[in-house]
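This report concerns only the one structure given below.
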Amino acid sequence: MAFVLPGEGDDPVDPELGGTVSVPTTPSRRSVLLGGAAALGLTALGSTQASASADKLTDPFTLGVASGDPYHDSVVLWTRLAQNPLADNGLGGMPDRAYFVEWEIATDEGFRRTVRRGVELARPQSAHSVHVEVEGLRPGSEYFYRFRTQGHISEAGRTRTAPAPGITRTDLTMCFASCSHFGAGHFTAYKRLAEDEPGLILHLGDYQYEYAAGANDVRQVLGPETRTLENYRLRHAQYKTDPDLQLAHATAPWLVVWDDHETENNWADEVPEQPDPNFLERRKNAFQAYYENMPLRRTARPRGIDMQLYRRLQWGGLINFHMLDTRQYRDDQACGDGVKPNCDARLEPTRSITGEEQERWLLDGLRRSRARWDVLGQQVFFSQIDLTPGVNQGYNMDAWDGYKANRDRIAEGLGKTRNGVVLTGDVHRHWAAETKSDYTDPTSRGLATEFVTTSITSGGDGNDDPNAGVLAENPHVKFHKNRRGYIRTKFTADELRADYRILPYVRQPGAEATTAASFVVADRDRSLHPA
Ligand SMILES: [Fe+2]
């Protein structure tokens, strides 16, 4: 047992003692300063001992642990206390009071070499979620972490820091996923993804769905369609009880961005899918619950109806991840949304899916980048794709095709980097594509490569439909598969490899994963080669 802070079993009652108290385990000037702060907090713990026994919790770590947004010297640790995770009010059966939660991070799984520890306050106002930004870590290193409160100890999670800035001679196995509808199937794909032991996991949105239980569901989704903060909190809690999802979170740090269903289908900035006078209140509730349940940094803490989610993360000198928010700032979908032929509005130069500010931030980041690989982590299909076989054309107004000028400017920006890569979710199918300067000319310059991951469960088992008509009409699209799964990538200084992992079924648990196809992109090449 490496937890050595006094006060086990005690309860805090003073919410003014909030914030992280972080204590390095090797002496330093900083540790002396922080040690004083810790002592202050722990004195308060001791003073409230009398109230401890009245509210003794059963195991509050039912939602697992997670880590995220790894820097070279820092990572976010997350948990959320819930002794009854499916309580109707979304508050996990927790008493209406704050609890101190101790955390520690070690270089070994047995927690014999703890390098930092501290205390964080879990408040009812934040659904007893805990976000710790641990600093002072070593670059390119593996760590283990866990939490303790009220005599209960959480499962241990594994995390890692990014390599030191500028380091290129390193490699990274990264898996990415999207679209995990709880009712549509079992989360076996998360388990298979975890078994690949990636160093980093990206989730590109539709982490959860707002809908009430559906007639075709294989698992019972609790509660009505999510609109209230209580509903969104309960939905997140139900998802987090899934052991395969917990395993994936505990395996590696996550880098998350949302798509539409964390709030509601196909919302666009302040415009809901269907007219709804209470949409801004709904959006605010969705953002609050999303923040509470994800391993995000303080910079993402919501402010009313706003939340700063787009951000950049450097993986040494190997990769710059530019994580985009394509929902919060977008213009409403052109031509009434859906897949449309002959929609000239989609070509308007001012139409934007990123919003002006995010576009400027992204193009600036691409221009300044010295990374070997510049990777967009984002939601909707980026390259042009005509989805209507035959002479007619059909473009998806919810995807970048509905915001063509905005897309083409960013594609040009990617084309000026050393290696531009786009990662995509949303469409519940695997696809591979080359982003081109001119889609009517298959020999035109490649600007980037795009890897579109299928869903974890959304859409159910899928089938072997080859979608040959679409592939024939879009020669820059190289692969398609309608099965559930995820994409496993390996980045090195010389190449990027992507394995399209699929499961034969998800409506029953336990399917094995296989690789349906693999592609390699060589340094400075910008084209897909079957591996
Ligand atoms: Fe989805």
Side-chain angles (χ1 to χ4, degrees), residues 175-190 193 201-214 216-219 221 225-226 232 235-236 238-239 242 244-245 248 254-268 272-274 283 286 289-290 293-294 309 323-328 330 333 337-339 353 376-382 385 387 396-402 422-431 450-463 465 467 480-487 500-503 506-507:
C175 292
F176 69 100
S178 76
C179 297
S180 29
H181 187 298
F182 187 89
H186 297 270
F187 286 168
T188 318
Y190 277 139
L193 179 158
I201 295 168
L202 266 57
H203 201 291
L204 301 180
D206 291 358
Y207 180 92
Q208 72 170 42
Y209 284 71
E210 77 277 26
Y211 302 121
N216 201 31
D217 286 358
V218 297
R219 298 196 288 180
V221 173
E225 180 165 332
T226 51
Y232 280 112
R235 188 62 56 84
H236 273 285
Q238 184 179 21
Y239 274 58
D242 184 280
D244 294 337
L245 178 56
W254 285 42
L255 201 44
V256 301
V257 279
W258 58 37
D259 195 11
D260 51 340
H261 288 286
E262 287 87 349
T263 302
E264 70 132 13
N265 186 50
N266 282 18
W267 67 284
E273 184 181 33
Q274 304 293 338
R283 170 173 148 165
Y290 185 78
N293 287 280
M294 292 292 163
L309 193 58
M323 304 300 289
L324 304 189
D325 178 348
T326 61
R327 289 290 161 192
Q328 196 178 172
R330 69 156 75 193
Q333 290 88 348
D337 208 352
V339 174
I353 191 171
L376 306 194
Q378 59 93 45
Q379 293 73 49
V380 290
F381 216 106
F382 185 78
I385 183 164
L387 292 166
N396 183 359
M397 295 300 125
D398 187 57
W400 290 81
D401 272 335
V422 182
L423 308 180
T424 304
D426 181 54
V427 287
H428 309 172
R429 307 277 182 109
H430 276 321
W431 297 90
E450 179 172 9
F451 301 91
V452 182
T453 185
T454 188
S455 56
I456 292 288
T457 55
S458 305
D461 291 342
N463 55 45
D465 154 37
N467 224 332
H480 168 265
K481 195 82 179 177
N482 182 24
R483 289 286 180 191
R484 308 292 77 84
Y486 60 95
I487 296 179
Y500 284 84
R501 305 282 285 162
I502 58 166
L503 279 64
V506 294
R507 290 175 64 82

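Indexing begins at 1, ligand by ligand and atom by atom, following the structure's order. All values below were derived from every heavy atom in this structure, side-chain atoms included, with hydrogens, water molecules and symmetry-related copies excluded.
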Open item on the list: For the OG1 atom of T457 and the NE2 atom of H181, what is their distance to the nearest 0.5 Å?
Closed with: 7.0 Å
Open item on the list: Looking at R484 and D461, is there a salt bridge between them, counting it only when a charged N and a carboxylate O are closer than 4.0 Å?
Closed with: no
Open item on the list: Between H430 and R501 (side chain of the first, backbone of the second, donor and acceptor by atom type, cut-off under 3.5 Å), is there such a pair?
Closed with: yes
Open item on the list: Quick check for you: within a radius under 2.8 Å, how many protein N, O or S atoms neighbour the Fe ion (ligand 1)?
Closed with: 4
Open item on the list: Any heavy-atom pair between the side chains of Y190 and I456 that's under 4.5 Å?
Closed with: yes
Task: Evaluation steps, side-chain hydrogen bond (donor to acceptor under 3.5 Å, both in side chains), between Y239 and D242 - done: CA-CA 6 Å; Y239 274 58; D242 184 280; over 6 Å; no
Open item on the list: Just to verify, which of S180, S455, C175 counts as forming a side chain to side chain contact (heavy atoms under 4.5 Å, CB included) with Y486?
Closed with: C175
